[in-house]
Number of protein chains: 2
Amino acid sequence: MRPQKILDSDMMTGLTKVFRDKGYEGASLKELADSTGLKKASLYHRFPNGKQEMAQSVFDEIDEWVKNRIFFSLRDKSEAPRARIKKALDNIRLLYGGGKETCIFRAFSMDAGMSLFEEQIKNGMEEWIASFTEIGIALHLTAGRAKEIAIQTLVEIQGSLVVAKGLRNTAIFETTLRRIENRYLNQ
Amino acid sequence: MRPQKILDSDMMTGLTKVFRDKGYEGASLKELADSTGLKKASLYHRFPNGKQEMAQSVFDEIDEWVKNRIFFSLRDKSEAPRARIKKALDNIRLLYGGGKETCIFRAFSMDAGMSLFEEQIKNGMEEWIASFTEIGIALHLTAGRAKEIAIQTLVEIQGSLVVAKGLRNTAIFETTLRRIENRYLNQ
DNA sequence: GTCTATAGCTAGATAGAC
DNA sequence: GTCTATCTAGCTATAGAC
């Protein structure tokens, strides 16, 4: 076995950056290669199924991160509910680079024959709503109200990313995170 | 002059559908041709500058619609402020097909060398916020609070479109429109 | 495991007949 | 104004040397 020239983690960073910025169709193999420091053929060695497998791999990695850092934080019984919300929101801030980064769900939801990630995006959003609903209940909201606020939380985060990018002003994202925190903690 | 086989308005409908669903890079000339009923070369006869001009034309048409039906409604002094909000929200519902359609700003914001529409999207969002700020002031909010709510309105609409599409559930969009209406009218 | 070279195809765009 | 036929460039993907 010959040693890898580029670490898997560095390669994933490069792939993620391009897919996030350009979407699935918009990301060309040339850009993916340049961004990782590998040549096209070397990417195919690591991903025999090509571009689709690269995208899936990026999607899965972020999905895993979100599960561990956001969903798990929200459900972590060793912390008080109020601390869980704060930690989850801090990790959301990290995930989106303080409002500079596009959501990978959204980047992959546009182009392509789509059905590629359609189901996984739906599942991700449902899990998102479920875990925010749980924390709402832990904070003594009714189940109905907790779900309402969970959906509203997802809507506001996605919307603030769209608007922050459009206006090139990340303050909108920060304001939104604070609004969400206040909604959960001051009632 | 030989007669047009396809009316401009029907052609625009076809172009709009493809660009909205696929984004700029995702829309191929073959799809654009099929969707309009014209052949590729005929599209080039009508748009000598090619795909970019087609996209610009779609963008401009929607931009115009939004100016007339949403921004103008909000500022129409011949109507009471409460009626203006209701009319604007009805037109927003129409614009997005009750939550089924993607926002063209968002469809064009992802791929490409981007700078294509970046500035026009920014301007559109700024006008959006400005006109909703005005209606807030007409409803006796302070200027600061009116702007806050205007931004929040844009964030919620964009977010609800993203989430409604991801979950394939337009109810989220409808709920959001009602929330916005209540925020303006019940205070 | 990584590379150069290239296959095979489809994209956007054009020429020229009608 | 619309079409068929075609060009070129770029795409995804593969073969095979090292």
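The analysis underlying the following values was restricted to heavy atoms, covering all of them including side chains, and did not include hydrogens, waters or symmetry mates. Chain identifiers are assigned alphabetically (A, B, ...) following the order of the sequence lines, protein sequences preceding nucleic acid strands; residue numbering begins at 1 within each chain.
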(request) Answer yes or no: is there a donor N or O on one side and an acceptor on the other, between the side chain of A:T153 and the main chain of A:I149, under 3.5 Å? (result)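 At least one qualifying donor-acceptor pair exists.
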(message) Determine whether a donor-acceptor pair (N or O, by modelled atom type, separation under 3.5 Å) exists between the side chain of B:R84 and the backbone of B:D76.
(response)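 Judged by distance alone, yes, a pair lies under 3.5 Å.
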Listed nucleotide nearest any side-chain atom of [X], set [options]:
X     : options               : answer
B:L38 : C:dT2, D:dT2, C:dA15  : D:dT2
A:K30 : C:dA15, D:dC11, D:dT2 : D:dC11
A:K39 : D:dG1, D:dC3, C:dC3   : C:dC3
B:L29 : C:dT2, D:dG1, C:dG12  : C:dG12

(message) Counting the atoms with a prime plus P, OP1 and OP2 as sugar-phosphate, which does A:A27 contact under 4.0 Å by heavy atoms, base, sugar-phosphate, or nothing?
(response)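 Sugar-phosphate, backbone atoms only, no base.
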(request) Tell me what A:I6 touches on the nucleic acid: a base, only sugar-phosphate, or nothing, going by heavy atoms under 4.0 Å. (result)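 Touches sugar-phosphate only.
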How close or far is atom [atom2] of [N] from atom [atom1] of [X], stated in whole angstroms?
X     : N      : atom1 : atom2 : result
B:Q4  : D:dC3  : CD    : C1'   : 15 Å
B:L7  : D:dG1  : CG    : P     : 13 Å
A:L43 : C:dT4  : CG    : C1'   : 15 Å
B:K40 : D:dC7  : NZ    : C1'   : 11 Å
B:Q52 : C:dG12 : CD    : P     : 13 Å
A:K5  : D:dC18 : NZ    : P     : 19 Å
B:R46 : D:dG1  : CZ    : P     : 8 Å
A:F19 : D:dT12 : CZ    : C1'   : 12 Å

(request) Specify the residue among B:N49 and A:A41 whose closest nucleotide of DNA chain C lies further upstream toward the 5′ end. (result)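 Its nucleotide being nearer the 5' end, the pick is A:A41.
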(request) Answer yes or no: is there an ion pair linking B:K87 with B:D90, defined by an N-O contact shorter than 4.0 Å? (result)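 So B:K87 does not pair with B:D90 through a salt bridge.
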Does OP1 or OP2 of [N] have a side-chain N or O of [X] closer than 4.0 Å?
X     : N      : answer
A:K51 : D:dT12 : yes
B:Y44 : C:dA13 : yes
B:H45 : D:dT2  : no
A:S28 : D:dC11 : yes

(request) Please state whether the rings of B:F117 and B:Y24 are parallel, tilted or perpendicular, taking 30° and 60° as the class boundaries. (result)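 B:F117 vs B:Y24 ring planes: perpendicular.
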(message) Hydrogens and angles aside, do A:Q56 and A:D60 bring a side-chain donor and acceptor to less than 3.5 Å of each other?
(response)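 On atom types as modelled, these side chains qualify, holding a pair under 3.5 Å.
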